[in-house]
Trainee: 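Sending over a structure as structure tokens; questions will come in a sec.
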Amino acid sequence: MRAQAATPLPVRSDAVQGLLTRKRCLMSRYAPREVESKWQSAWAEAGTFTAAEDTSKPKYYVLEMFPYPSGRIHMGHVRNYTMGDVIARYKLSTGHNVLHPMGWDAFGMPAENAAMASGGHPAEWTYDNIAVMRDQMKPLGLSIDWSREFATCDPEYYAQQQALFIDMLEAGLVYRKNAVVNWDPVDMTVLANEQVIDGKGWRSGAEVERRELTQWFFAISEMAEELLDALDGLKDWPEKVRTMQANWIGKSRGLQMGFEMTAPVGDHSMVEVYTTRPDTLMGASFVGLSPDHPITRELEKTNPDLAAFCAEVRRGGTTEEALETAEKRGFDTGLTVRHPLDPSWELPVWVANFILMDYGTGAIFACPAHDQRDLDFARKYNLPVIDTFVAAEGGSPVETEAFVPAKTEKVKYINHFADLDLATGDEGIAATIDFAEKAGWGTGVTKYRLRDWGVSRQRYWGCPIPVVHCDTCGVVPEKKENLPVELPKDVSFDKPGNPLDRHPSWRQVPCPKCGTAATRETDTMDTFVDSSWYYARFTAPRATTPTDLSAADYWMNVDQYIGGIEHAILHLLYSRFFARAMQRTGHLQEKAIEPFNALFTQGMVTHEIYQTRDANGRPVYHLPEDVDAETRILKASGEPVEVIPSAKMSKSKKNVVDPVSIIESFGADTARWFVMSDSPPERDVEWTAAGAEAAFKHLGRVWRMAQDLCQSAAETGPAASSDAALARATARAIDEVTKGIEGFAFNKSVAKLYEFTNTVAKSQAPAPERAAALRTMAQLMSPMTPHLAEEVWSMLGGEGLVADARWPVADPALLVDDTVTLPIQVNGKRRSEISVPKDMPKEEVEKLALADEAVQRALAGGAPKKLIVVPGRIVNVVV
RNA sequence: GCGGGCGUGGCGGAAUGGUAGACGCAUCGGACUUAAAAUCCGUGGGCCGCAAGGCCGUGUGGGUUCAAGUCCCACCGCCCGCACCA
């Protein structure tokens, strides 16, 4: 690699070259629209971004989370895809073979809702939206290999997803079971646990109901341990995401044990409980059952009071407020159970509203002394409170506050059966499990919060589950040669529910096994399935199997994945599961079971909200374009608006800025430059009209500088002298911009480029040297503002496309200054500075520092107590 | 309640324990112009001072250090995730 900055401008002596140069310099002002479309055509013609396997270069796969085709791109897309583009273009210019694809996460409810509302077909709606969004996205000048584009609703894609499903079914990773499911009564479909937020459907916001249905599941919980353990290896993922996933998987180690009932209820003679604090067993006060526990159900049949209690609890709902304010309430069943360590010790059995059926066994033993909920309950119903342990020092019995120390904390056991005295909770727990297992009344059990992933959806616009129900053969997978099981086109959306169920003929098929009349499965897959393997498909998007193993081997893993934090759990966990499932079914290599080597979660684009109020005092929101940003009045009426602090751009608050209109008025480079500047990429960035204009002005300034030099440099020829300061500034710019890009600190790269622009503008260096500096600047800007970079590069005689040029390398010698300015502190406060040669010996620096006027003043004739010299950094005189 | 993050000018934000406020925006002043826009140059934390310079200053209070925005302790505030999880 060579340092571009040091390359002299080629001498242009012949008339043809002169003419060409003059022609390039003709434009009178920066016209982004012309410039941008010109270079986009140039890249397309040259095939600059078409990826092909090439073992002579290191590969680099950069991927941004693909968009849902909602109909319009928004600023969040611009930011997300610009970040990916910066990385992709940078990697390209550092000699990598880059794969940077784009596609569409195209199945889903909105298409069906649109069909219901306006009568079209979801496919039509979706493909129209894709066409519009592609047209809006292309002007951004992203370095995308569009030849790999696909939509997940393409039969070609979902055929392979169905093939995968069948392979997973055969591998035992998919199964069907009767399950109580989360039913969204508005969307009329089942939701995964992950899609229920605070008891409401993630999309509809409707209160979720519980229903029992036969559903398809992916066996993700089987991989809970592996998915948890492997998080440690994801060094280039944000800590936050790893923590969120670990919490979601929710591993706990505890003891499962039975309490013998003194009188059986139906078939039940034992109450099975699970506890993570078995060391508190001697503090047991009562046994608690969930209102949904089988024993409770049995008792309800004969006990109307209990049935009434349970009904009321169930009605209580699971909303956040309900839970927070809900009082601990219980119902004494009158039953008793024996304590496993003392058969004469009988504990009462209560049904309590705070016990969940879907965690553990749905039953607990309560130890009020060491659990606040249990304590509240015990105090309310006058149940005993028995301390098991107290603080190691100065411990006193529990009164109104439960003593719940961390498991790592040492406590003094005062009531235990395994000879424990001073021990940590963890030690106590381990000892108890050990004791119970030896005595045979309990088992150490590891539990996970993670549930199997229910993927059945009773919707039309999704990937059909490729199985057939046959009266004789049962559930039979469709033959692979019959894939895709294609969605019928002639469907109606005039009624709620699943159109596939109502279709007159689609369901009727022969059984793939015995050939007799059978019916198709009408459930379609959760759309999260579609996005769980698309990254692998991009490596060979037209393969006739889900993946092409040699292409996958070459391109996988994704080296850098970029997207929103909102996908920290669902999408990323499912993708990790799918990569493992694909490896087990032979569709990915072992190395790809963690598909994303590095993850970056970018912040949102926000904007102020402008509101007025209607006659009833209800807020009315206004688009930024309708408001004068400075005076804060409505342009149309002159009415003042209330300004609400910046929030995520959202249609409902109307605080949106349309990328299309920004591109039209300022160009794509301005939009790209702006979203990369100011805010660190992981944080939110606030879109402001002033900021966008400033970005535009800056790009215009760079363009003008190039324009000026384009003319003068062409006339002047190479320089006789050279300007050391400019060379050094160039080297520093290369160094810092590069570091910024590599460290995902694009805002710092942008800041450095501003600084470098100022330096070049003020430089008195000969024109060819300034032109060289500007060519380097064009390269450094090219990941962010690729079109302007090409324009400047070409105006100043750069060879070929800047997109093909090798990233500049700073000469290390130029990064070190011969002389350094050392600040001089007196007692830690900066008082003066001296300029010294960079390798001046310490003793001489000391001498100079002490001779300094400010130091002399501070010393007032005395001697310093201490003198610290940090070479090349600072001097501190202590007086 | 548990886990994670953050708090720096009027604003967005810089700052391997080593000159706090890089860079951008806003402001103000100047140049160019008949004028305006555009552009260019300068100013740009607060207070005192003509200046040189001084004092204060990174949410609050303590501590470690020659030196703290940065490290430690306690507190306050904001944001995000999880949560009657046994």
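Just so it is clear: chains get the letters A, B, ... in the order the sequence lines come, proteins before strands, and each one is counted from 1.
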Trainee: If you take atom types as modelled and just measure distance, does the side chain of N876(A) reach the base of C66(B) with a donor-acceptor pair under 3.5 Å?
Mentor: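 Answer yes: a donor N or O sits under 3.5 Å from an acceptor.
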Trainee: Hey, is K251(A) close enough to E225(A) for a salt bridge, meaning N to O under 4.0 Å?
Mentor: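 Yes, this pair counts.
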Trainee: Apply salt bridge (Lys or Arg N to Asp or Glu O under 4.0 Å) to D669(A) and list each qualifying residue two or more places apart in sequence or on a separate chain.
Mentor: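 Per chain and number, D669(A) pairs via salt bridge (Lys or Arg N to Asp or Glu O under 4.0 Å) with no residue.
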Trainee: Starting at the 5' end of nucleotides 20-25 of chain B, put B wherever the base has a protein heavy atom under 4.0 Å, S where only the sugar-phosphate does, and a dash everywhere else.
Mentor: --BSSS
Trainee: Check nucleotides 6-11 of chain B for protein N or O atoms closer than 3.5 Å to its own N or O atoms and list the pairs.
Mentor:
none

Trainee: For nucleotides 43-47 of chain B, tabulate all protein N/O to nucleotide N/O atom pairs closer than 3.5 Å, reporting atom names and distance.
Mentor:
none

Trainee: Check this for me: does any side-chain nitrogen of one of R704(A) and D708(A) sit under 4.0 Å from a carboxylate oxygen of the other?
Mentor: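 No, R704(A) and D708(A) are not salt-bridged.
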Trainee: Taking RNA chain B as the partner, which of residues 284-292 of chain A come within under 4.0 angstrom of it by heavy atom?
Mentor: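 Close to the strand, none.
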Trainee: Counting only side-chain N and O atoms of R857(A), is one of them less than 4.0 Å from OP1 or OP2 of G53(B)?
Mentor: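 False: R857(A) side-chain N/O out of range (4.0 Å or more) of G53(B) OP1/OP2.
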Trainee: Base, sugar-phosphate alone, or nothing: which one does K240(A) contact when heavy atoms must sit under 4.0 Å apart?
Mentor: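 Base contact.
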Trainee: Give a yes or no on whether K847(A) atom NZ has more than 12 heavy-atom contacts from other residues, nucleotides or ligands under 6.0 Å away.
Mentor: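 Not more than 12 within 6.0 Å, no.
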Trainee: Any chance the side chains of T759(A) and Y754(A) put a donor and an acceptor closer than 3.5 Å?
Mentor: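 No donor-acceptor contact under 3.5 Å links the two side chains.
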Trainee: Does a nitrogen or oxygen in the side chain of Y359(A) sit under 4.0 Å from OP1 or OP2 of A86(B)?
Mentor: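 For A86(B), OP1/OP2 do have a side-chain N/O of Y359(A) under 4.0 Å.
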Trainee: So for R873(A) and U16(B), does any side-chain atom that can act as donor or acceptor lie under 3.5 Å from a complementary atom in the base?
Mentor: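 Donor-acceptor pair under 3.5 Å: yes.
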Trainee: Any chance you could list the contact pattern along nucleotides 58-63 of chain B? Use B for base contacts, S for sugar-phosphate-only contacts and - for none, protein heavy atoms under 4.0 Å, 5' to 3'.
Mentor: ------
